[in-house]
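Just so it is clear, the values below take in all heavy atoms, side chains as well, and ignore hydrogens, waters and symmetry mates. Residue numbers begin at 1 in each chain, while the letters A, B, ... track the order of the sequences. On a predicted model such as this, the values are computed, not experimentally measured, just so you know.
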Amino acid sequence: MIQENSNTFRERVLAIVCSIPKGETRTYKQVATDAGNSSASRAVGAVLKTNFEKNIPCHRVVRSDGGLGGYNRGTQRKKELLKKEGVKKQFKET
DNA sequence: CATTTGACGCCAA
DNA sequence: TTTGGCGCCAAAT
């Protein structure tokens, strides 16, 4: 059961990111759209950046360009985590 | 309360 | 196809 009934944008984003299935990756755009604003892709990153809750697999959130994006603990760690979870998707290096 | 920054996205050249 | 610039929203300072 997914309760996306949160007050602020961040709560919604956190809940949505938390609902991302293991082995799958979601784009900031998609999360933003689910949160209610398809254009708030940046805001999504801003939220994840300041919230690294262990319940929130923010490392499963990637860019729409095919890039990894960023990660509070280090982009390299994020890539490793995704790979370990079974993500076959390949990300850009630069 | 106002301003700046940012884990982004999309369009144009 | 690749690079550059602009636009978007929310949170943090």
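Contact annotation for A/A40: backbone-only contact, meaning every heavy-atom pair under 4.0 Å involves sugar-phosphate atoms and none involves a base. Residue-level contact check: A/D65 touches the backbone only, with heavy atoms under 4.0 Å from sugar-phosphate atoms and none from bases.
Listed pair A/R10 / C/dA12 meets the phosphate criterion, a side-chain N or O lying under 4.0 Å from OP1 or OP2. OP1 or OP2 of B/dC8 has not a single side-chain nitrogen or oxygen of A/S64 nearer than 4.0 Å. Dashed line: the shortest gap from a side-chain N or O of A/N72 to OP1 or OP2 of B/dA7 is not under 4.0 Å. Listed pair A/K29 / B/dC10 meets the phosphate criterion, a side-chain N or O lying under 4.0 Å from OP1 or OP2. The side chain of A/R63 places an N or O atom within less than 4.0 Å of a non-bridging phosphate oxygen (OP1 or OP2) of B/dC8.
Judged by distance alone, with hydrogens and angles left aside, the side-chain atoms of A/T75 form no donor-acceptor pair with the main-chain N or O of A/Y71 at under 3.5 Å.
Between A/D34 and A/R26 a salt bridge is recorded (basic side-chain N to carboxylate O distance below 4.0 Å).
As rounded to whole Å, 19 Å separates atom P of B/dA7 from atom NE2 of A/H59. Between A/N7 atom CG and C/dA11 atom C1' the separation is 16 Å, expressed in whole Å. Across the protein-nucleic acid pair, A/R42 atom CZ and B/dT4 atom C1' stand 12 Å apart, rounded to whole Å. Atom pair A/K49:NZ and C/dT13:C1' shows a separation of 11 Å (rounding to whole Å applied). For the pair A/Y28 OH and B/dG6 P, the interatomic distance rounds to 15 Å; values are reported in whole Å. Atom CG of A/N37 and atom P of C/dA11 are 10 Å apart (whole Å). Rounded to an integer number of Å, the gap from CG of A/D34 to C1' of C/dA10 is 17 Å. At whole-Å resolution of the value, CZ in A/F9 and C1' in B/dG6 are 15 Å apart.
Taking both residues in full, the closest heavy atoms of A/K89 and A/T25 are given as CD-OG1, 4.1 Å, listed atom of the first, atom of the second, then distance.
Remark: C/dG7 base-pairs with B/dC8; criterion is Watson-Crick or G-U wobble with both hydrogen-bond distances under 3.5 Å. Under the Watson-Crick or G-U wobble criterion, with both distances below 3.5 Å, C/dA12 is paired with B/dT3.
From A/F91, atom CZ reaches atom NZ of A/K78 across 7.5 Å, with rounding to the nearest 0.5 Å.
For the pair A/R60 and A/K22, the minimum side-chain heavy-atom distance is below 4.5 Å.
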